[in-house]
Amino acid sequence: MEYNEILTAIAAEIAPLRGVGRQADYIPALAKVNPDRFGICLTTTDGSEIGLGDIDEPFSIQSVTKVFSLGMALSHMGEELWRRVGKEPSGSAFNSLIDLELDHGVPRNPFINAGAIVVSDILMSCLAYPEADYLAFVRLLADDDSVDYNREVASSEREKGYVNAAIANMLKYYGNLDNDIEAVLRFYFLQCSVEMSCRQLSRAFLPFADRHKEFVYGDVKLSYSQVKRINAIMQTCGFYNDAGEYSYLVGLPGKSGVGGGIGAVSPGRYAVATWSPRLNSKGNSVMGMKVLELLTTHTHESIF
Ligand code: DON
């Protein structure tokens, strides 16, 4: 497949979307980013890398990190994890509190904030050094030791993180948080603050696309079935209340973040990362979604 030519054609097709959407500003540090950055990088299972635009500039991956967190928690806890968090799409905003009360403190899935906060709590209980172990895992996935947290982003989010604090308090009330609320929130925000470029993110998603290489990164080991299931949850829950629209348009398991990044996989073929900070009303990158839609349209390689 001539991905290079396809990406060049797509870059021209998305030009009319320049300036559409607004970057996230509820996390003060994210408001400073140039909203017109754009990059896409594709890493194939046979090792090629095809990129276009700002592919080496690190950005805040935000909720894309929830895929790595789920992988790590599933590796340590196995199916028991699903006693504490569901695997159904929520149809609600990423930071919604409503479902959590209706469901008595069991978040609908691990990719909404409530679910990721429970996953953070699980990781804090399983890992000897949660901050260091998590970062080491993400670095191994990206095959790059320069990947790091941005502590300024994490603390600026904590300062304004009233809704996430409410979610954590409700989880504690329902007995679904073992560790100290403040410590769990800090760890959750730190995971969201990881910075990666499109190239690094695309490499880090490759293990979720590669059906032949064993998923073993340090002591995180996932079976083929577990990877399949993480991809399924990306497909159904990775874009919150836009998950149906994303599936309809794109047809690749993927996960978005309010930093404007998306990580996605074409199982057996490639992983792809896009970055464009302007978001739609559901908090997903406008250009990122369009680029992926055009990618599966031009390549005829969606999972459907
Ligand atoms: O919890 C938050 O609000 C952020 N740290 C992450 C949210 C996010 O990226 C949602 N994605 N579209």
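One-based numbering, in listed order, for ligands and for the atoms of each. Sequential numbering from 1 along the given sequence is applied to the chain's residues. Small disclaimer: the values here were computed from a predicted structure and weren't measured.
Residue contacts with ligand 1: Tyr26 is placed with a nitrogen or oxygen under 3.5 Å of a nitrogen or oxygen of the ligand (distance criterion only).
In the displayed structure, Phe304 atom CZ is contacted under 6.0 Å by more than 12 heavy atoms of other residues, nucleotides or ligands.
Of all heavy-atom pairs spanning Val64 and Gly257, the tightest one is CG2-N, 3.7 Å.
Shown in contact with Asn113 at under 4.0 Å from a heavy atom are these atoms of ligand 1, numbered in order with element: 1 (O), 2 (C), 3 (O). Residue Gly283 has at least one heavy-atom neighbour below 4.0 Å for each of these atoms of ligand 1: 12 (N). Within the listing of ligand 1, atoms 6 (C), 7 (C), 8 (C), 9 (O), 10 (C), 11 (N) sit less than 4.0 angstrom from a heavy atom of Ser63.
Taking a 4.0 Å cut-off on heavy atoms, Tyr240 registers as neighbouring ligand 1.
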Can you check side-chain hydrogen bond (donor to acceptor under 3.5 Å, both in side chains) on Tyr3 and Thr44, steps first, answer last?
CA-CA 10 Å; Tyr3 291 121; Thr44 63; over 6 Å; no
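To the nearest 0.5 angstrom, Phe111 atom CZ is 10.0 Å from Ser63 atom OG. From Tyr173, atom OH reaches atom NE2 of His104 across 10.0 Å, with rounding to the nearest 0.5 Å.
Looking only at protein heavy atoms, the nearest one to atom 2 (C) of ligand 1 is Glu157 OE2, 2.9 Å. Counting protein heavy atoms only, atom 1 (O) of ligand 1 is closest to Tyr188 OH, 2.5 Å.
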